[in-house]
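Because the structure is predicted, anything quoted here is derived from the model rather than measured.
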Amino acid sequence: MEKALKRLRKIGKKVLYALLTAVIIIILPFILIIRIIEKLINRDILKFDSKKERGPIGSFIINNWLGETYKAQNNRVFVYFLMPALGTFLLFVGLPFIQGIYFSMTDWTGLNDPQFIGLENYVTIFKDYAFGYSFFRTALYSIMNIVVINIVAFSLALLVTQKLKLKNIYRAGFFLPNLIGGLVLGYIWQFIYNRALVQFGGMFDPSILVSGDTALIGLIIVVTWQYAGYIMMIYIAAIQNIPQDLVEASKIDGANAWQRLRTITLPLVAQAFTVAMFLTLVTSFKQFDTVTSLTQGGPATQLPLWIGSIYQKTLMPIVQSTDLVAINIYDEAFVNRNMGIGQAKAILFFIVLLFVALIQVYYNKRKEVEL
Amino acid sequence: MRTDKIGIILLEVLAATLLIVFAYPLFIVLINSAKDAAEIIRNPLSMPTDWLQLFENVKELLSRDNINYFQSFFNSVIITTISLIAIGIFSAMAAWVLVRTKTKYSLVIFMIFLSGMVIPFQVVMLPLVRLLQTMKDITGIPFKDTLHGIILAYIGFGAPLSVFLFHGFIKSIPIDIEEAAIIDGCSKAQVFFKIILPILKPIFVTLLVLNGMWIWNDYLLPILVLGMGGDVQTLPLSVANLAGLYDKEWSLILTSVLMAALPVVILFLFAQKHIIKGMTSGAIK
């Protein structure tokens, strides 16, 4: 009995101190401001003497936070230095994230006071054929994008790590499109597809942005053009880290270029593959600004039969063919003003992205070779 | 040996051809921003008849007062610079105390920062818009459609990656330097600003490049916080606004595209080495 009481008191003391600390952390910035004023008017307003006798709580506060002891100084620096970054982060990312989980379960439209409606929004989006189609298109787009970008980037990296005369110029040139923002690139390529390439006729006339499937390919070309140079740089760094004696030893043993690539280069740059595939995966999934300026989500097309049959449609409705998930969320929230549903879509999108990224990193990690 | 030489020459030709393919879209933008509307329709692939038309287009672009090119250019510059400096210094400060204070609090806080890196922007964007409104209702200070609003938001969104990279770097700095400085009479703040911050220069440059490219080209956060056609516009916003207002008026759109891309390209030509190194080393970590 007495032991339990003692433990309870100990826990109570800990809780009390934690609460006190939390309150002091909020007060500390104000004290900092007062200290600055003190310096300006050259007078002491606050006096915290750690030697003076006080009660247990008083001495705790002075010794740990306000006084001139080493521990108090350390604690204050900890809070002051952490506050700007942590504060803005929690305010603009942490708080909205937690609010967002709640809002995804409300009937929020952006104008009303959100009311809790449980998981109704999630049921709605599972019945929403346009969102299902959008997810399918995003997955299709991401897979093709990852494959194309990585093949192009790796080939470029192999090319510019040869003994070429102008290799630095090539590297810079391939990298250049990456500097221009996605939105601006979208307009450039809209012009190229709709105006310039049409002049060549053949498969480019009418413009490839007019039909759904070719528009997706058009988008992949743009993003590859933009992103391959960046991924190339990652591969270049990895290829240059391959020890030259390995390469030379294999040359003496009579390995040809293809054998060297397959048995030395590929296994040793596996770590770069993990990074590059992760980056391309995340950027393809979150693709927003290039699509808004290139196709605005369009062109309209009919829902494919097999997706329609999942949603038990007999008449196939019209959907937007490059309506990737990021665009779909934005439109749901700001065009249809269904903020609650849009938020539920975003949460679902987050979970899928996290899941896919974890699987990808896990599988790639197993293929890596430690030197 | 001879086959080797021929091989290299072939590769050189291949690389040069690819470079031309990569540069061609930008070349098309350049030649078409020097044409008037009629000439673009007539022949978008030929060289412009008169290069001076480029200046006519620029003049025309600047005269449209609903675009306000200079205003949005300076806004972009201000937002990017202040955000970059603030993200860099604040994150370095946070990372330093997190590394040097070995308690479970600092570990938990570091984990909170890390979890911020996996949250996609789409998840927080809707509540964020509402939050900015609420903050105005509570404090009376507007956060939407203002420079300080978007800069604060950028600090919050940029902090996780920056804290993570600084954290990794500071761990490799020996603590002896700091102890020596404290014995010599430095306060903790002086230790950071006079000793640690200069050591952080390489990783600082990396972060300037990574965050700079992101903030300068960003479209989604500005459109949410500043809004299309509001008082404060950034370059991507005004290009989008222009393209929306003068649909298919390509001579103007391409000129604005050129003027939006030019500052970054010029910067790249001067600081190529830093930019490439910054972007790749940031990714690998």
- Task: Under the ring-ring contact (aromatic ring centres under 6.0 Å, His included) rule, what do Phe157(B) and Phe92(A) come out as? Steps first, then yes or no, please.
- Result: CA-CA 7 Å; Phe157(B) 282 100; Phe92(A) 290 107; 7.3 Å; no
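- With a threshold of 4.5 angstrom between heavy atoms, Ala92(B) does not approach chain A through any atom at all.
- With a 4.5 angstrom heavy-atom cutoff, Leu90(A) touches chain B only via side-chain atoms.
- Interface remark: Gln162(A) contributes side-chain atoms only to the contact with chain B (heavy atom separation under 4.5 Å).
- Residues Val118(B) and Leu354(A) are in side-chain contact: their nearest non-hydrogen atoms beyond the backbone lie under 4.5 Å apart.
- Taken to the nearest 0.5 Å, the CZ atom of Phe110(B) stands 12.0 Å off from the CG atom of Leu82(A).
- Ala346(A) approaches Gln122(B) most closely through the heavy-atom pair CB-O, 3.5 Å.
- When all heavy atoms of Ala172(A) and Phe268(B) are compared, the pair lying nearest together is O-CE2, 3.9 Å.
- Atom CZ of Phe278(A) sits in a sparse spot, with 12 or fewer heavy atoms from other residues, nucleotides or ligands closer than 6.0 Å.
- With rounding to the nearest 0.5 Å, the separation of CG in Leu179(A) from CG in Asn217(B) is 8.0 Å.
- Distance check: Ile180(A) CD1 to Trp216(B) CH2 gives 13.0 Å after rounding to the nearest 0.5 Å.
- Between Phe81(A) and Phe192(B), the ring planes lie perpendicular to each other; the angle is over 60°, past the 30° to 60° tilted range.
- Atom CE of Met125(B) and atom CE of Met339(A) lie 8.5 Å apart (nearest 0.5 Å).
- To the nearest 0.5 Å, atom CZ of residue Phe22(B) and atom CH2 of residue Trp225(A) are 8.5 Å apart.
- Interface summary for chain B: among Asp289(A), Leu183(A), Val184(A), Ile236(A), the most heavy-atom pairs under 4.5 angstrom belong to Leu183(A).
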- Message: Apply side-chain contact (heavy atoms from CB on, under 4.5 Å) to residues Tyr170(A) and Glu12(B) and explain how you reach the verdict.
- Response: CA-CA 10 Å; Tyr170(A) 299 137; Glu12(B) 191 96 42; 3.1 Å; yes
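- Between chain B and the residues Val160(A), Ile347(A), Leu353(A), Leu166(A), the largest count of heavy-atom pairs under 4.5 Å involves Leu166(A).
- The residue among Val163(B), Ile28(B), Ile119(B) with the most heavy atom pairs within less than 4.5 Å of chain A is Ile119(B).
- Scanning both residues, Leu131(B) and Pro96(A), for their nearest heavy atoms gives CD2-CG, 4.1 Å.
- When heavy atoms are compared at a cutoff of 4.5 Å, Ala159(B) approaches chain A solely by way of its side chain, counted from C-beta outward.
- For Ile101(A), no part lies near chain B; criterion is any non-hydrogen pair under 4.5 Å.
- The two atoms that bring Ala15(B) and Leu164(A) nearest to each other are CB-CD1, 4.0 Å, heavy atoms only.
- Contact count against chain A (heavy-atom pairs under 4.5 Å) is highest for Leu220(B) among Leu220(B), Leu98(B), Leu269(B), Leu267(B).
- Within the 4.5 angstrom heavy-atom criterion, atoms from both the backbone and the side chain of Val257(B) approach chain A.
- For Leu86(A), the parts lying under 4.5 angstrom from a heavy atom of chain B are both the backbone and the side chain.
- Contact detail for Gly156(B) and Phe89(A): the closest heavy-atom pair is O-CD1, 3.4 Å.
- Neither the backbone nor the side chain of Ser104(A) comes within contact range of chain B; no heavy atoms are under 4.5 Å apart.
- Proximity to chain A (any heavy atom under 4.5 Å) is shown, for Leu18(B), by both the backbone and the side chain.
- Of the residues considered (Gly158(B), Pro160(B), Ala94(B), Ala95(B)), Ala94(B) shows the highest number of contacts with chain A, using heavy-atom pairs under 4.5 Å.
- When heavy atoms are compared at a cutoff of 4.5 Å, Phe288(A) approaches chain B solely by way of its side chain, counted from C-beta outward.
- Most heavy-atom pairs under 4.5 Å with chain B: of the set Phe97(A), Phe191(A), Phe78(A), this distinction falls to Phe191(A).
- Trp96(B) and Val77(A) make their closest contact through CZ3-CG1, 4.4 Å (heavy atoms, listed as atom of the first residue, atom of the second, distance).
- Residue contact with chain B, scored on non-hydrogen atoms closer than 4.5 Å, is absent for Lys167(A).
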- Between Leu254(B) and Tyr187(A), does a side-chain contact (heavy atoms from CB on, under 4.5 Å) hold up when you go through it step by step? CA-CA 8 Å; Leu254(B) 289 178; Tyr187(A) 289 119; over 6 Å; no
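- Comparing Leu235(B), Ile9(B), Ile112(B), Val265(B) by heavy-atom pairs within less than 4.5 Å of chain A, the highest count is held by Ile112(B).
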- Message: Gln190(A) vs Trp250(B), test: side-chain contact (heavy atoms from CB on, under 4.5 Å). Steps then yes/no.
- Response: CA-CA 10 Å; Gln190(A) 199 192 340; Trp250(B) 282 111; 4.0 Å; yes
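- How far CD1 of Ile188(A) is from CG of Leu26(B): 6.0 Å, rounded to the nearest 0.5 Å.
- Residue Ile98(A): no heavy atom, backbone or side chain, is found under 4.5 Å from chain B.
- The environment of OH in Tyr105(B) is sparse: at most 12 heavy-atom neighbours from other residues, nucleotides or ligands sit within 6.0 Å.
- With a 4.5 angstrom heavy-atom cutoff, Asn178(A) touches chain B via backbone and side-chain atoms both.
- Of all the listed residues (Ala189(B), Pro120(B), Ser162(B), Ala23(B)), the one sharing the greatest number of non-hydrogen pairs under 4.5 Å with chain A is Pro120(B).
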- Residues Leu11(B), Leu159(A); criterion side-chain contact (heavy atoms from CB on, under 4.5 Å); working and verdict: CA-CA 7 Å; Leu11(B) 285 178; Leu159(A) 184 63; 3.5 Å; yes
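- Evaluated for a side chain to side chain contact (heavy atoms under 4.5 Å, CB included) with Leu126(B), the options Phe103(A), Tyr330(A), Trp108(A) yield exactly one hit, Trp108(A).
- Using a 4.5 Å cut-off between heavy atoms, Ile192(A) contacts chain B through its side chain alone, with no backbone atom that close.
- Comparing Gly244(B), Ala153(B), Ala86(B) by heavy-atom pairs within less than 4.5 Å of chain A, the highest count is held by Ala153(B).
- The most heavy-atom pairs under 4.5 Å with chain B, out of Ala228(A), Ala196(A), Gly87(A), come from Ala196(A).
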